[in-house]
Amino acid sequence: MAMTTDVPERIPFWRNVKTLGLLAQIIFAIIVVAAIAILWNNVTSALARSSLPADFSWLGSRAGIPIGERPIPYTPDDTYFRALAIGFLNTLKIALVGVVLASILGVGVGVARLSNNFLLRQIATWYVEILRNTPLAVQIIFWFTAAIATLPPTISAPIRLPGGLMFSNRGLAFPAIYPGFGFRDWLPWIVAAIALYAIVLYVRRRQIIASERPGLAWPAALLAFLAVSGTGYFVASGTATIPEPLTVDFTVERGRGVTFLDANGNGERERDEALYGFVPVTVRVSEAAIETQSTNLNEQRRIKPSVLRFPVLEEGEYESFDVRILGSADAERFSVHWTDAPTAGLIFEDRNGDGIYQEGEEVDADGVGFSGVRTLLTITGFSRDLVSDRDGGIRIPNFEPVGTQEEETEEIQDAGRSGVAGFGPSSLFGSPAGASSDEEEAVLDTTVEIRSSGALVWSRPSVPVSNYEGGFRFTASYLALLLALVIYTATFIAEITRAGIMAVPKGQTEASKALGLSGRQTFSLVIFPQAVRIILPPMISQYLNLTKNSSLAPLAAYAEIFAVSAIVANQTGASVPVTVLIIVSYLVISWFFSFVLNIVNARLAIVER
Amino acid sequence: MQMIPDRLPPAGERGAIAWLRRNLFSGTVNAIVSIALGSFVALSLFNLGRWMLTGASWQPVWNNMKLLAIYRYPAELAWRPIIAVGVLLMLTGLTAALGQRVGKGKIMTGVYFWFGSLAWFLTLVALIAWPSVRVAWLLATLMSVAGYAIGWYVPRVVRAQSWLWAAGLPIVLVLIYGVGGSGSFAVVGTSQWGGFLLTVVIAAFGITVSFPLGIALALGRRSNLPAIKYFSIGFIEVIRGAPLITWLFIASLMVPLLLDVAPDSIPALTRALVAVTLFSAAYMAENVRGGLQSVPNGQREAARALGLSGWQTTRLIVLPQALRAVIPVLVGQAIGLFKDTSLVFIVGLHDFFEIGRRVIPSQPESLLYPGGVLLEISVFMAFAYFFFTYRMSIASRQLEKELGVGER
Amino acid sequence: MRKLLAAFVALMVLAGFAQAQTSLLDEIKLRGNMTCGVNQSLPGFGVIDSEGNFSGFDVDFCKAVAAAVLGDSEAVTYRALTASERFTAVQTGEVDVLIRNTTWTSSRDSEVGLNFAPTTFYDGQGFIVKRASGISEVSDFEGTSICVQSGTTTELNLADVMAALDISYTPLVFETADQVFAAYEADQCESVTTDMSGLVSRSTLLQDPAASVILPITISKEPLGPAVLHGDDTWFDVVKWVTFGLIFAEEYGITSDNVRDVAASAQAPVVRRFLGLDGQVMEQLGLESDAMITMIEQVGNYGEIFARNLGPDTQFGLERGLNALYTDGGLLYSPPFR
Ligand SMILES: N[C@@H](CCC(=O)N[C@@H](CS)C(=O)NCC(=O)O)C(=O)O
């Protein structure tokens, strides 16, 4: 812009644009600084008057809040810092998976919107229209409610899919591979294999170029990689030994144990002894007796048999089991029938005495089933192989040894247990306080042994009590939130994809058709690669949106950074520091995405030339 | 060159069968996709329909219509928001009809009939089932029809149109808030507001106020005065960096501390409005900036050459073009804001979403339904939000066409 | 925008200076209306009906305060609060008094800056489980999931107890009571833990109440009572003595039905002072002399409030238990009005 004006003498300062600009800036700056100073002063004086924490020292103190969703080990005894870190990790956990799934779904729907199949096009269009125009909060509520309401509860019957997959309203669990004892020995092999891959790739490329014949370089490289890493796997697995001080601290009554490094060798875990995750363990119980109480699920209107349940076992894990009714009077009238082998059974009045349950036999004269009938399940030769969890924990079905409890009263609600020692008053609302019974310790004959393992171990999920253990698990909250985020974000990605594809000049299609490419080839080799350049930048900002939208997690009871922060702020009163932490966390995430965006833009610019 | 006369397509390429063949069954893959998708969609729709008609319990939703609409707004004053709806529809109808007479106003007409039909439907429902608001709804319907009729038959009002809008909006505010005393126009404090009323109030306020704020920030960001520029950049980037829910949370925790004012001076609604508006302004600024960037530099240079001052150039030349370019985007943002109002439960407001999510499900009557009623409520809420946002997104597309954005 | 900001800041500063040191009591009288923070999701204690009206035990205490202060139990603006909102609402003065099953703890007194009026409901944290689960004591929770609501003392107590007893369980922390109980009904967790009162309130509204049982275990003390903001002794005194007044009335058998008769015929000096017939007790608190008469006439005494909302004739059928008068083996006890 070339504007040359004759500057007459001197411009008075109040008409000089530069001075005015400077003045405006100074005034503006003063106002901003003053405003900030006033606000700051307000906050500090308000904080000084109250006793709310104003610094970050509380980060190091005991959090005491329960968190169910923990990618790294956590107990309420850990610090607030760790609790918040878990929140941050959970944000990443949902964002990363969400971004991948939303991209796949979104691009698919975007392409489908341009399909020449009428139905597909319409469905894709309406999917985008409806879900994009509905608040995400409503969608989260919907999916979460629907998931809880429609999926079966774990304890009774999770949906079991082939391959050890389990699905229930407590989430999804599937087998997973974790590093074993030999993993460390295997690592150098992998490094070597990667190096070899690079070398072979390089050499083959040169060969192909030299030979002037078409060929692919990567198959040979991959072969070399597999050969070396495979050999390494077997070598490392063969030589893997169990680390010396590794022990299991296992209590039979709870069916729970931890694997840990027993520094002092006393076999019991001290607080400072580190837990050790992903250790294969075999638990054997030569004979176990579980006492169960059949319970009455009856209502006056509906008639249901008295069902009794106990932990899910799988076939092959025990040699035999038998069930017996406790109490001589009952034993004569009743019999037990097992529905599944052996997770649930029902107690019925065996009218014809054949011990086999027939239609109509289970109900007594009142139309009410039998409650409070006690049974004893004896399992012989139980054995289960497990892999300890991330926090070193292992668990088998809770075998409560049968002691001298038989004299106790039957009805659970009459047991009249006193308040948990030291925690609360013994009784409220006039319910009678009874003395706690002294149970006789019955020791089960158990052996727990750490098995050796190769470079990798295979962990299969199971349901020892009523939650998944082992394998890899996604909670229902996580899945519902993920589903909502993916479905919602995909609508925007679909629009971006569609716009991107449409922005590729029509001539490109025509030209490639003219070259004889098929419709599919045209799309995947000509149109889409060009569209990606247009699609990618707005797509990355959708990724950021997805990440930020994951802050709606409290609606689905998922503990990401915002949810944890809100709880921490509420329980500590440290609103100012927590506020700072939340903003910083999200700014870090945002900046990460803009960093990626810049890189992508730069690369695309080079391609564009 | 000789023209080939028009001919009909061959018989095999016309008619329903041909259409089916072309659009659904061209090739094996397509046929499989069509059949699989078709049966999947049919099954899903069937199941959904069956659930909605037989499985779902809509009674709690129906019983709580008042809560969902206006929450604790006094029942005997419920006619005021209804008449406010009437006023708005009247004005919309007026504008729509006036536009139609001169062959324009397609968008306004669409909006008018869309929301008008909702009002007429509600009037019908009121006539049957809501005796207390019967008269008010009838009146609102009359007003809406009258507005359209006046616009159609008295085209002269076109000159008064902007004045009517300017008068109508304060009337709406007065109707909703009240003027004083304890009679028909008693003040209804914002703590009594809720439901869809509150959702609309927050969205409307947020969009209106964030618009000038956003423009100011966008201009500030492009300013060559560093203090203003960096302030704008900092503000925009920090606000956009964190999600709205956190700003609402911060508003609820920090505003009292930041202002250190006496108790009772900042109602929850104010806190929500501040957070929503500032948040929306930051996004508005970025959208407007996009528009500003799309205005070619030559425009600016030409304006300066004509002797316009910097401010005049911006105000008269650059901004109008920039805003025109981003109107569809801004409508998109309005839709987003409308949806985002569902988060104001964080500051403790009882908007439409919060009433559906928390208040209704915990009423003893609702708890008696197996599995609760949250599923029904969320479907209902989704539909209600969709009814509004969908119409807005249609309008945005129409605007895009009308303004020829992106075609230039 | 700049101007606006400046004006805003200036305004706020002025507002800050202009604030004189008056008690909420005077302000409320001036307003003719009192704001009360209550629960919205706990039938029996605080819930909103489809007309938007609140009802429940806690709500009646709001009414009692309003009746005593303003002479009209309906002069209350209710503010429905969630567990995590409630303290901010008091701190920012959004509510004049918080009566929302809030546990009196030392840190809420000191750190949060509340003043608690006498306990209106002695409670403790308990567990509800399905009978079919066979769970009968805390150690049975090993390996199970427990649902709990965030922003409460409940979640902290749960964590503490389980850590102390070294029980490994999975906490499911929800935002609302509805979610908590919906998850429990769907067997997503084996148990819900919260105040016994909350359990009783919600358990009667479960799909199949008979299938669940509230364990006779309490793991904490949860004295629930009204709370006001620190630093306004005049207002605090009013809320405190109104609460005592309700208990006092029950101690002396004064009910909504007989309060006028008692006032006409009362001989005992304690009662005459209480009802404002002798002395200046009520005036000293800043209330009308007949404040207690109005209050009891409009809302009833403690026993009536309890019976109306929670007692044996309601669906909750709660026993008085610890919440009986001290003469009946409970903990309720009013200091003398003199
Ligand atoms: N007394 C406890 C807990 C009070 C509480 O919030 N209880 C829950 C569970 S019953 C509740 O009332 N929730 C109702 C809601 O979600 O609004 C406290 O003061 O922290």
Side-chain angles (χ1 to χ4, degrees), chain A residues 1 3 17 21-22 24-26 28-29 32 39-43 45-47 52 115-121 123 129-130 132-139 141-142 144-146 148-149 545 547-552 554-555 562 565-566 569 575-576 578-579 582-583 585-587 589-591, chain B residues 19 22-24 26 30 33-34 37-38 41 224-228 231 237-238 240-246 249-250 253-254 256-261 297 301 304-305 310 335 338-343 345-346 353 356-357 371-372 374-375 377-379 381-383 385-386 388-390 392-393:
Chain A
M1 169 164 159
M3 246 187 25
V17 177
L22 201 69
Q25 288 191 62
I26 291 174
F28 181 76
V32 170
L39 296 182
W40 177 255
N41 182 38
N42 282 347
V43 172
S45 63
L47 284 179
L52 300 177
S115 153
N116 51 16
N117 183 314
F118 174 78
L119 198 58
L120 188 60
R121 202 166 60 227
I123 291 173
E129 278 302 338
I130 292 176
R132 196 182 50 162
N133 283 320
T134 314
L136 177 60
V138 176
Q139 295 189 35
I141 294 281
F142 176 82
F144 189 55
T145 316
I148 293 185
N545 279 352
T547 311
K548 288 196 283 186
N549 280 337
S550 69
S551 57
L552 293 181
L555 293 175
F562 175 70
S565 301
S575 24
V576 182
V578 169
T579 299
I582 300 181
I583 296 180
S585 315
Y586 279 106
L587 286 186
I589 293 175
S590 294
W591 283 333
Chain B
W19 184 91
R22 207 168 43 238
N23 288 300
L24 291 177
S26 65
N30 245 337
V33 167
S34 296
L37 267 181
V41 168
N224 40 22
L225 305 176
I228 293 174
F231 172 80
E237 291 306 323
V238 169
R240 273 162 36 98
L244 177 60
I245 197 169
T246 60
F249 180 70
I250 289 165
L253 286 185
M254 293 286 288
L257 285 180
L258 280 173
L259 298 178
D260 195 18
V261 288
N297 230 345
E301 286 159 12
R304 295 309 291 261
I335 297 175
F338 187 78
K339 287 185 292 174
D340 282 347
T341 56
S342 55
L343 302 183
F345 69 85
I346 293 284
F353 177 69
R357 176 182 82 111
L374 207 46
L375 214 54
I377 291 175
S378 55
V379 169
M381 289 196 294
F383 180 77
Y385 278 110
F386 178 72
F388 277 71
T389 49
Y390 180 60
M392 286 199 255
S393 80

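Worth knowing before you read on, the calculation uses all heavy atoms, side chains too, and leaves out hydrogens, waters and symmetry mates. Chain A is the first sequence line, chain B the second, and so forth, proteins listed ahead of strands; every chain is numbered from 1. These numbers were taken from a predicted model, which means no experiment stands behind them.
The CZ atom of B:R240 sits 6.5 Å away from atom NZ of A:K548, with the distance rounded to the nearest 0.5 Å. Taking CZ of B:F249 as the reference point, atom OG of A:S551 lies at 11.5 Å (rounded to 0.5 Å). Distance check: B:Y390 OH to A:T134 OG1 gives 12.0 Å after rounding to the nearest 0.5 Å.
What you find for B:S378 and A:I141 is that their closest heavy atoms are CB-CG2, 4.1 Å. Between A:G21 and B:L225, the closest heavy-atom pair is CA-CD2, 3.7 Å. The shortest non-hydrogen separation linking A:N133 to B:T389 is O-OG1, 2.6 Å. A pairwise comparison of heavy atoms in A:R132 and B:K339 identifies O-NZ, 2.6 Å as the closest pair.
Looking at B:L37 and A:N117, their side chains never come closer than 4.5 Å, going by heavy atoms from C-beta outward. Put simply, the side chain of A:L555 reaches to within 4.5 Å of the side chain of B:F345, judged on heavy atoms. In this structure the side chain of A:E129 reaches within 4.5 angstrom of the side chain of B:S393, judged on heavy atoms.
Using a 4.5 Å cut-off between heavy atoms, B:F353 contacts chain A through its side chain alone, with no backbone atom that close. With a 4.5 angstrom heavy-atom cutoff, B:F388 does not touch chain A via any of its atoms. Looking at B:L343, only its side chain comes within 4.5 Å of chain A, counting heavy atoms on both sides. A:A569 touches chain B through its side chain: at least one heavy atom from C-beta onward sits under 4.5 Å away, while N, CA, C and O do not. If you measure heavy-atom distances from B:I377 to chain A, you find no contacts under 4.5 Å at all. Residue A:F142 touches chain B through both its backbone and its side chain, counting heavy-atom pairs closer than 4.5 Å. Using a 4.5 Å cut-off between heavy atoms, B:I335 touches chain A through its side chain atoms alone. Using a 4.5 Å cut-off between heavy atoms, A:L552 contacts chain B through both its backbone and its side chain. Heavy atoms of A:A137 lying under 4.5 Å from chain B belong to its backbone as well as its side chain. Neither the backbone nor the side chain of A:L136 comes within contact range of chain B; no heavy atom of the residue lies under 4.5 Å from a heavy atom of that chain. A:L120 touches chain B through backbone and side chain together, each having a heavy atom under 4.5 Å away.
Top candidate by heavy-atom pairs under 4.5 Å with chain A, chosen from B:S342, B:G38, B:G372, B:S34, is B:S34. Across B:G356, B:P243, B:G310, the residue that shares the most heavy-atom pairs under 4.5 angstrom with chain A is B:P243. For the set A:T579, A:I582, A:I148, A:N545, the entry with the most heavy-atom pairs within less than 4.5 Å of chain B is A:T579. Contact tally against chain A (heavy-atom pairs below 4.5 Å) for B:N297, B:L253, B:T246: the top residue is B:T246. For the set A:A29, A:S585, A:A566, A:A149, the count of heavy-atom pairs under 4.5 angstrom toward chain B peaks at A:A566.
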